[in-house]
Amino acid sequence: MHDMFRLAEAHRPSCTAVEFPETYRRAYRWMLLARVAEEKIASLFRGGRIIGGVFLGRGQEAISVATGMALRDGDIFAPLIRDQAGRLAFGESLLDFTLTYLGARSGPMRGRDGNVHRGRPKEGLLPMISHLGAMVSVVNGMLMAHRFQKKENTVGAACLGEGATSTGAFHESLNQAAVEKLPLILVITNNQYAYSTPNHRQFACNDLVDKAIGYGVKGHSVDGTDLSACLETIGGAVCAARDGEGPQLIIASNLRLAGHGEHDDAHYISQHFKELQLGRDCLDVAQNHMLAQKWADASMLDIWLRDSQSLVEEAVAHSLREPAPDPAKEDWCALASRHLLEGNPPQPTHLN
Amino acid sequence: MHDMFRLAEAHRPSCTAVEFPETYRRAYRWMLLARVAEEKIASLFRGGRIIGGVFLGRGQEAISVATGMALRDGDIFAPLIRDQAGRLAFGESLLDFTLTYLGARSGPMRGRDGNVHRGRPKEGLLPMISHLGAMVSVVNGMLMAHRFQKKENTVGAACLGEGATSTGAFHESLNQAAVEKLPLILVITNNQYAYSTPNHRQFACNDLVDKAIGYGVKGHSVDGTDLSACLETIGGAVCAARDGEGPQLIIASNLRLAGHGEHDDAHYISQHFKELQLGRDCLDVAQNHMLAQKWADASMLDIWLRDSQSLVEEAVAHSLREPAPDPAKEDWCALASRHLLEGNPPQPTHLN
Amino acid sequence: MITYLEAIREAQRQALENDPRVYIYGQDVGAFGGAFKATKSLAQSFPGRVLDSPISEDAMVGSAIGAALQGMRPIVEMQFADFSTVGFNQIVNQAATMFWRTGLPCPITVRLPSGGTPGSGPFHSQNLEALYAHYPGLILMTPATVEDAYAMLLEAVAIDDPVIFCEHKYLYYHLKADSLPKEALPAGKARVARAGRDATVVTYSAMVHESLAAADELATEGWEIEVIDLRTIKPLDTDTVLASVARTGRVLAVGEAWPWGGVTAEILARVAAEGFNLLDAPPMRLNSKDTPVPYHPNLWGTHRPTARSIADSLRVLLRS
Amino acid sequence: MITYLEAIREAQRQALENDPRVYIYGQDVGAFGGAFKATKSLAQSFPGRVLDSPISEDAMVGSAIGAALQGMRPIVEMQFADFSTVGFNQIVNQAATMFWRTGLPCPITVRLPSGGTPGSGPFHSQNLEALYAHYPGLILMTPATVEDAYAMLLEAVAIDDPVIFCEHKYLYYHLKADSLPKEALPAGKARVARAGRDATVVTYSAMVHESLAAADELATEGWEIEVIDLRTIKPLDTDTVLASVARTGRVLAVGEAWPWGGVTAEILARVAAEGFNLLDAPPMRLNSKDTPVPYHPNLWGTHRPTARSIADSLRVLLRS
Ligand SMILES: Cc1ncc(C[n+]2csc(CCOP(=O)(O)OP(=O)(O)O)c2C)c(N)n1
Ligand SMILES: Cc1ncc(C[n+]2csc(CCOP(=O)(O)OP(=O)(O)O)c2C)c(N)n1
Ligand SMILES: [Mg+2]
Ligand SMILES: [Mg+2]
């Protein structure tokens, strides 16, 4: 689809060292594309062109992209609301994003679901339901299926915010993964707030990574604003999981650099955090790092930005031309077994 | 009611050192009474006199009694299925036990609920629902109410098995208690099995007490077969909670010396465990300890046993004479607001 | 002018003011004032009594139950009704059974921001009243007006039983009234929202307004449609429904929830069983389609009943 | 002779044998064979395919959904139907919406040991079929016979949609058949369990047997009662119900679940709406009482419908 952004499988990080600066550059470009794409959607939202909520990953691109990039074909990815960068890196088409946000019939959710609730489960990309924590055990089950099917060396990653660690679903599923020793990578992005709720109203442990030992899983902490650290930490955790070392719990610290959704002005975010290292914009950090390392120069950054912008403009323009769903043509059937729709004649059952 | 077993409030352990041997003897006698009472019910069950399940605390009396004894008037207790000893120590009448198991109309549950599902919430004793983990947040709420009501220095204890730590309810409620810094004492009795399920299919951490740090609560481990240790550990934890140190998680290790229920022969329990220290019968351990310490002699033990037996026989005899519920006289109304029962005339609402 | 949402806020303010036993607990309800601002400024006005909870619906409800047993009157806000499924067990097995099992009342109010709005999709649009109404021991309120949103929420807090308060998100801003009421019909009492003689629509919550619009439309065709607003769906005011059917001889039950079971089935079952001889034509029902609630407004507008589809159903009913 | 419980076990054995995609997951289902022994010896016969789960109903169902998406056919055993309330969200929001949202089928079977038995009390006796049937995207099976327990469970595993399989605990040991069937009616098709001409009882699961006993009793009084066993309550075979009502003119819907909503409401609503002119008398329904299920057998025997209370209702129906 987006050829310039389509990376050959072989270039994805394997279970060896992360190949800087190539990987880093690739990661940066996904992050940039995600940022540009989301800003475009945000501006469409402000213009009244988006129906429903808009949820951005601004400030979370580094941890997200690191997760998406560490995965490969056959792996499972269950992104959450702030994982635009990871989705792109995992292989989700930019069009899936724009078509879904714009409610097109031709998007993967066909207008039935919207915004961040999209995925292609056949391709390993799970479409989140809203109930926080609920996707993790689904990833577990996919990994259990791989085990039954002798599909080896696959892993599954699920992303959550720190607020979602308070759900029963988080707990049951992480424990389940630990008992089954599944290659689950559970990435918790601790962005200091769950909607408006600060961490001291959400949990009381000193550090969320302290939860790992209580589940018997490996815990990792990482600065979520530092792309290098994210690539290395997630890369390492994915390798460990792939090598049979069981579930990996990653806690990335950062700050949400946006409202909970675009309707929210995030006035409640404390200035204090903005001044800390975790308040940095990971995109700036990555850009400065590349410039300092001479992995890119200003003109290159500019080209990448413009490439991203034109990709996004193109995807949006295409999506805006796509027809909306037509209720008259809609197949109002929630069952895969059409013969069980009431009104259809039932078939006799033969047992063997 | 059972005067010889009614202990003056002042004799309950306070937030100072446990007063051996008096406390120990008292504890032993509750344990013994619980054991005798449960054995009686089990024999009635074998004789077909009990309808529904029978669940024994055999082997768990020490940790249970320590919990019940550490609490005092105004505190909250949410026992689970193996807490007969703790219930008695907390002040539940033996008759509540026998009347409920025998389904009498005059029992606290009036035949509406049975066996271990009894309580007197007005007196701080919560009647468990079956869903494991569900009582803990109810205790939290009662403690929150105390805080609102400026009822100071009360605590609440909830008991669970290790299997129940896998529930979402366990997790949400312990986290809630930690966030609210509630004086919750959560006693987990790790008896190695949840019904037939061994620990390695239930969790993967090395030691359940390692969970404490991940919630930011204090963790304690104790040999559940050793009454002294149980009294000291629970006593200490309760004091800490009462002193404002927040939730206390206690992990007691032992073995269930009975089937999951009396219908279960527990054939799956590994011989290995029976030979370990945790496989000891806490009642034997306590008895030997008292004899060794000369806190009691054989004749004293014998008198206590016979006292227990006669109390139990009396309670059972009384309960057997009590009438069963009469469906014709039953008040089939699930609402406290009778005026909202359909058929009753609604009252106008005045708002102020 | 006061909106439906403001009425809910005012009722909570009243409740907090009048009754020291009341407190509010839910995600972001504190300083932030709630996802929909239903508790805006209450934390500031009532320090320590409007508490942010962790994202733990099970523990939220469980703790409210415990507090209620100790004499408090908690109001729990679910961020969306849809998320109450993860607090479901505490509501239906702990709160709903408490009084019957122990004789001790369990006066909690659980607020469920319910129902569809354009673009909300499968997990922010659900109408779950039928789930809860199925269980013994719960009161189900489904206010359709600003006045009822206010009066019934105050009543919910006063009631000794657990009340599931289904407030409709579509009405939050759309519905306005001049002032708040001083008196109101009690729970268990339905309201004739519009008098008529040709057919009765029995409905509740947002569908009251779609039904009234349908009645307006049919009025232009010469039909007089009576619209009953149930207000509470448990207890359900069969008498008012039957009295209306006695007048009109025809009944259409309309609900925004899914078609299998639910309020419309209960209404038809009661009318058929208790008012069979009042009927001049087969009773009808209209619900949403039997799929998840779609995200796209085009689909959503067809998925749920609307003034137009209600009017169409009424035309069939009137001809039958 | 084979019992209803054994039929469930045999169906699972068959499914495991015929289809490598099948596995079983639940508390104590492995070496122990399940709380009711419904999976006895299966772990031994199919190593690695019958797995003990932690006490985590949400994760149990969630993982089954994931496995199904990857091509497996999991069977999840809830230890009691009552505990499915804590796995509720995954069933109704994840499994039930999957196909409609993504086009990918989600073939899981969730076995719910359901219904009352003496002494089981409020939390081990529940009938939750109406909850699940309310949601789009689920199939609800409620087998009443040994043959159906077997055939429908096999069909459940074969069906591409999530199936909630409500097996009745009271029938586990009480019900016996000579052998297992080779063919069966499909899901969505009701069965005339007893032919009659004076009135129709529409029912399902354990209440089929109470209704048959009531029909026997009424036969001694000269009445011929037709009994319809719905078999699946979603999809619900309205045609067979209406055909019966066309013959008898009278209908009583009987369910063991609570009275508000549920299967009996749905039946009456459909009969009234679609078969109004077939009725010679107001349709009736009979459910349990609107309280939690009581522990004591004296109370339980009055709480749920029985042959006697069904016969009493039928006498009223026949006189009306
Ligand atoms: C079970 C459940 N309860 C409530 C919500 C509503 N909700 C959506 S996002 C959110 C905050 C999530 O915070 P966090 O997990 O920290 O993620 P972040 O938004 O910070 O990335 C809440 C409460 C939900 N989706 N699911
Ligand atoms: C949510 C839930 N799921 C399943 C059950 C069924 N159940 C009752 S007791 C039990 C085992 C409990 O084991 P554990 O917590 O270790 O306590 P123990 O019996 O060993 O004291 C199970 C699975 C339940 N009561 N609640
Ligand atoms: Mg967050
Ligand atoms: Mg145990």
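Values below: every heavy atom of this structure, side chains too, minus hydrogens, waters and symmetry copies. Just so it is clear: chains get the letters A, B, ... in the order the sequence lines come, proteins before strands, and each one is counted from 1.
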Go through the atoms of [X] and report whether side chain, backbone, both or neither lie under 4.5 Å from a heavy atom of chain C.
{"X": "B/L143", "value": "neither"}
{"X": "B/P108", "value": "backbone"}
{"X": "B/M109", "value": "both"}
{"X": "B/D331", "value": "backbone"}
{"X": "B/R110", "value": "side chain"}
{"X": "B/H117", "value": "both"}

Taking every heavy-atom pair that is under 4.5 Å apart, which of [options] has the most such pairs with chain B?
{"options": "C/A67, C/G71, C/A96", "answer": "C/A67"}
{"options": "C/L138, C/L236, C/D160", "answer": "C/L236"}
{"options": "C/A158, C/P20, C/S56", "answer": "C/S56"}
{"options": "C/I65, C/L180, C/I139", "answer": "C/I139"}

Heavy-atom pairs under 4.5 Å with chain C - which of [options] has more of them than the others?
{"options": "B/R118, B/M128, B/E180", "result": "B/M128"}
{"options": "B/G156, B/A134, B/A177", "result": "B/A134"}
{"options": "B/G133, B/C333, B/S173", "result": "B/C333"}
{"options": "B/D113, B/N175, B/I76, B/V136", "result": "B/D113"}

In the structure I gave you, are the side-chain heavy atoms of [X] and [Y] within less than 4.5 Å of one another anywhere?
{"X": "C/Q90", "Y": "B/S137", "value": "yes"}
{"X": "C/L69", "Y": "B/L126", "value": "yes"}
{"X": "C/T102", "Y": "B/R112", "value": "no"}
{"X": "B/M144", "Y": "C/M72", "value": "no"}

Can you tell me how far [atom2] of [Y] sits from [atom1] of [X], rounded to the nearest 0.5 angstrom?
{"X": "B/H131", "Y": "C/N89", "atom1": "NE2", "atom2": "CG", "value": "4.0 Å"}
{"X": "B/I129", "Y": "C/T97", "atom1": "CD1", "atom2": "OG1", "value": "6.5 Å"}
{"X": "B/Q176", "Y": "C/S53", "atom1": "CD", "atom2": "OG", "value": "8.0 Å"}

Which bit of [X] is near chain B, if near means a heavy-atom gap under 4.5 Å: side chain, backbone, both or neither?
{"X": "C/E17", "result": "neither"}
{"X": "C/P54", "result": "side chain"}
{"X": "C/R21", "result": "neither"}
{"X": "C/T238", "result": "side chain"}

Q: Report yes or no: do C/D161 and B/S337 form a side-chain donor-acceptor pair below 3.5 Å?
A: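 Side-chain D/A pair, C/D161 to B/S337: present.
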Q. Donor-acceptor pair, C/Q70 side chain versus B/M142 backbone, under 3.5 Å?
A.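 Flag not set: sc C/Q70 to bb B/M142 has no pair under 3.5 Å.
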Q: Give a yes or no on whether the backbone of C/P235 and the side-chain of B/E342 come within a donor-acceptor separation of less than 3.5 Å.
A: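 No, B/E342 side chain to C/P235 backbone: no donor-acceptor pair under 3.5 Å.
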Q. Which word best sums up how the rings of C/Y23 and B/F148 line up, parallel for under 30°, tilted for 30 to 60°, or perpendicular for over 60°?
A.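 If you compare the ring of C/Y23 with that of B/F148, the planes turn out tilted.
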